[in-house]
Number of protein chains: 2
Amino acid sequence: MGATIRDVARAAGVSPSTVSRALAMSDLVSPATIERVRRAAASLGYEPNPVARGLITGRTGNLGMIVPDLGNPFFPGVVKGVQARAREADYAVFVADTDEDAALEARLVRKLAKQVDALVLCSSRLTDDELRAVAADVALVLLNRKVDDIPAIVPDNADGMRQAIAHLAALGHRRVGVTAGPVSSWTGSERVAGLRAAARTAGVDLVELGNFAPTFQGGVAAADIVLAAGVSAVVAYNDVMALGLMNRFAARGVSVPADISVVGCDDIPLAAMSNPPLTTVAVPKEPLGRAGVDLVRRLLEREEGLTPRLALDTQLLVRGTTGPVRPG
Amino acid sequence: MGATIRDVARAAGVSPSTVSRALAMSDLVSPATIERVRRAAASLGYEPNPVARGLITGRTGNLGMIVPDLGNPFFPGVVKGVQARAREADYAVFVADTDEDAALEARLVRKLAKQVDALVLCSSRLTDDELRAVAADVALVLLNRKVDDIPAIVPDNADGMRQAIAHLAALGHRRVGVTAGPVSSWTGSERVAGLRAAARTAGVDLVELGNFAPTFQGGVAAADIVLAAGVSAVVAYNDVMALGLMNRFAARGVSVPADISVVGCDDIPLAAMSNPPLTTVAVPKEPLGRAGVDLVRRLLEREEGLTPRLALDTQLLVRGTTGPVRPG
DNA sequence: ATGAAAGCGCTAACAT
DNA sequence: ATGTTAGCGCTTTCAT
């Protein structure tokens with residue numbers, strides 16, 4: 001096992017507190033002593049135990065991050081943003097995956113809460129009440145979710161939907177379908193609401209085709225329903241679902257965008273690689289993560305700062321899956 | 001802040017030690033007291049602080065897992081396997097992503113080591129020496145890597161490559177290219193070695209086309225080199241790279257499998273969704289993760305068990321990207 | 001069956 | 001500039 005601070009103290013012929021101070025670069029210690037302590041520490045391979053330190057300082061140097069599904073390419077993007085920024089601030093990030101399970105998420109939150117300085121919850125599946133309770137217990141930042149005035153970063157989903165509808169309307173589409181995600185998804189509700197408002201404004205008929213799993217298979221399952229609805233374009237809850245849609249369209253001999261236009265959401269890496277490449281409403285994933293960490297730091301520094309909120313721009317990326325509506 | 005064990009003790013009218021015992025389900029406590037304590041704990045919303053507990057028991061109930069890149073769909077699969085099994089054993093898993101950076105990996109290992117009961121390193125980029133040093137410090141299980149007798153789980157890459165070559169040889173291919181991954185990848189060396197052996201046995205010419213980034217862009221970049229080499233089939237380091245290859249082939253008007261056959265490795269979810277679907281050597285990702293956790297538990301229970309090693313079967317999945325070699 | 005006391009490894013007053 | 005004391009929240013002897 002690792003050497004303790006006492007071992008170092010003995011080796012350097014000083015007291016444990018001096019070791020602590022010397023290693024913390026306190027300027028209350030004589031340079032000579034610092035040098036002696038560092039040598040002793042190095043030769044013993046001493047590494048301070050962050051757990052013991054955390055017990056007393058109340059700071060662990062860790063950030064917890066919880067996401068619903070690392071298998072969905074959207075989340076690794078956000079995770080990377082969080083990690084990059086956290087690294088700069090010398091925080092380690094502990095990521096946990098909830099498998100889209102709210103109960104599991106609750107357990108993970110409880111477990112993590114005591115061993116991190118702050119928790120970043122991305123697309124949480126918890127209820128508003130549960131989130132309020134968590135926020136009372138630990139510094140909390142929400143990504144892709146808004147509850148009361150818990151600090152949060154959200155993409156401007158409504159505006160993204162507005163861009164998508166404007167684009168489709170300009171291409172002549174008058175009947176646009178939407179395949180929604182899980183009912184419990186806050187982002188999903190935002191998107192549908194944005195779609196409704198934009199459709200009304202643009203004079204487009206929005207056909208709500210139901211809720212589907214936010215997965216490739218969810219899209220496959222939704223595809224036939226889309227085709228039966230007689231829409232000339234469809235907006236999917238996310239890119240993964242859009243890809244499933246396209247896969248089934250191809251199998252049924254429906255060509256995109258000639259027969260039907262498809263718009264995804266998120267801009268996962270895969271979206272650009274599909275054939276044709278997917279038109280999608282890009283959510284800034286890394287920036288979302290980075291902004292989350294920035295919020296954490298503000299939160300941790302000024303005890304009880306205002307409750308900052310940030311909306312991130314989304315951007316429609318027009319690629320190959322949207323085209324003019326077919327005459328007739 | 002959360003209630004402490006003392007608050008509960010006071011509320012229940014007992015001593016902290018009794019609370020500790022009552023909550024630990026010790027049978028040395030009277031049922032009545034247990035009940036009283038549980039009530040008090042519940043009403044205060046008390047959750048034992050795992051950090052403080054860990055300091056004394058030496059067990060944290062946490063597992064650390066480190067992967068090179070969560071953006072590569074292979075790793076989330078393994079992570080999910082680890083998490084599923086860990087959950088059963090009531091462990092929380094802290095995942096960290098190293099961005100393929102060995103130095104960062106080393107830092108994360110140090111940081112994590114003291115706050116977890118064991119570390120699972122997947123496709124580690126550290127050197128053998130570094131890994132030996134880590135193993136001396138913390139219970140360590142390697143995935144996709146073998147070093148001395150550090151406990152490890154590895155897929156049978158060589159056999160997978162054998163299957164791939166046998167398949168291609170049966171289709172009439174006599175000149176097969178390989179686009180290798182990063183030189184520092186242990187799995188990559190294993191695969192190339194397996195390919196060499198299998199090619200020799202099968203009487204196939206193996207053309208080693210160099211090392212490329214294990215990414216979509218890496219594949220795109222490799223594609224022209226593949227075409228210039230005049231091979232009728234190519235085995236890529238992994239599926240992501242194979243998809244990049246295919247993308248560039250399509251752009252150059254080379255059709256798969258008519259003009260060239262492509263084999264990937266890993267069987268990421270995307271592989272089945274490409275067009276045509278990718279023939280690939282499947283690595284059992286979730287089983288890999290689960291087996292890793294099983295190893296951890298054995299390691300933690302029997303102090304210094306033998307050094308278990310497990311090879312997992314790989315399986316060639318023949319799909320749409322391989323076909324008979326063209327005459328001429 | 002329960003309480004008191006000691007201590008995990010560390011840092012932060014409080015002394016000098 | 002350094003040592004001594006106390007204590008973070010918890011578990012675990014050792015008493016009773």
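So you know, we letter chains A, B, ... as the sequences are listed, proteins then strands, and number each from 1. What you are looking at is a predicted structure, and each value in this text was computed from that prediction instead of being measured.
Put simply, CD1 on A:I34 is 10 Å from P on D:dA1, counting in whole angstrom units. Here the C1' atom of nucleotide D:dT12 and the CZ atom of B:R59 are 16 Å apart, to the nearest Å. In this entry the distance linking CG of B:D7 with C1' of D:dC8 reads 13 Å, nearest Å. Distance CZ (A:R21) to C1' (C:dA15): 11 Å, rounded to an integer number of Å. Going from atom CZ of A:R10 over to atom C1' of C:dG9 covers 13 Å, rounded to whole Å. What separates CD of B:E47 from C1' of D:dC10 is a distance of 14 Å, to the nearest Å. Atom CG in A:L55 sits roughly 13 Å away from atom P in C:dC8 (whole-Å rounding). In this structure, NZ of B:K114 is placed 15 Å from P of C:dC8, rounded to the nearest angstrom.
Closest non-hydrogen pair, A:A12 versus A:R36, comes out as O-NH1, 2.7 Å. Contact record, A:R145 with A:V154: N-CG1, 3.5 Å, taken as the closest heavy-atom pair.
The side chain of B:S20 sits closest to D:dT12 out of D:dT2, C:dC8, D:dT12. In this structure, of D:dT13, D:dC8, D:dG3, it is D:dG3 that holds the atom nearest to the side chain of A:T18. For A:S15, the listed nucleotide lying nearest its side chain is D:dG3; candidates were C:dT2, D:dG3, C:dG9. When each of C:dT2, C:dC10, D:dA1 is scored by its nearest atom to the side-chain atoms of A:T33, the top-ranked nucleotide is D:dA1. Checking D:dT2, C:dC10, D:dG9 against every side-chain atom of A:P48, the shortest atom distance belongs to C:dC10.
The side chain of A:R53 contributes no N or O atom lying less than 4.0 Å from OP1 or OP2 of D:dC8. Look at A:R6 and you'll find a side-chain N or O under 4.0 angstrom from OP1 or OP2 of C:dC8.
Of the two residues near DNA chain C, B:S30 and A:V51, the one whose nearest nucleotide lies more 5' is B:S30. Summary of the strand contacts: B:R36 and B:A52 both lie near DNA chain C, and taking for each the nucleotide with the nearest heavy atom, the more 5' one is attributed to B:R36. Where B:I5 and A:I56 each meet DNA chain D at their nearest nucleotide, the meeting point lying more 5' is that of A:I56.
In this model, a side-chain donor or acceptor of B:S17 finds a partner on the base of C:dA4 within 3.5 Å. For B:T57 against D:dT12, a side-chain-to-base donor-acceptor contact under 3.5 Å is absent.
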* Check step by step if side chain to side chain contact (heavy atoms under 4.5 Å, CB included) holds for B:F74 and B:D69. => CA-CA 9 Å; B:F74 174 81; B:D69 179 15; over 6 Å; no
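Taking the side chain as every heavy atom from C-beta outward, A:M65 and A:V78 approach each other to under 4.5 Å.
With 3.5 Å as the limit, one finds no donor-acceptor pair spanning the side chains of B:T187 and B:S185. B:Q83 and A:D99 form no side-chain donor-acceptor contact under 3.5 Å, judged by distance and modelled atom types alone.
As judged by a 4.0 angstrom heavy-atom cut-off over every strand, A:V14 is placed among residues touching the sugar-phosphate backbone only.
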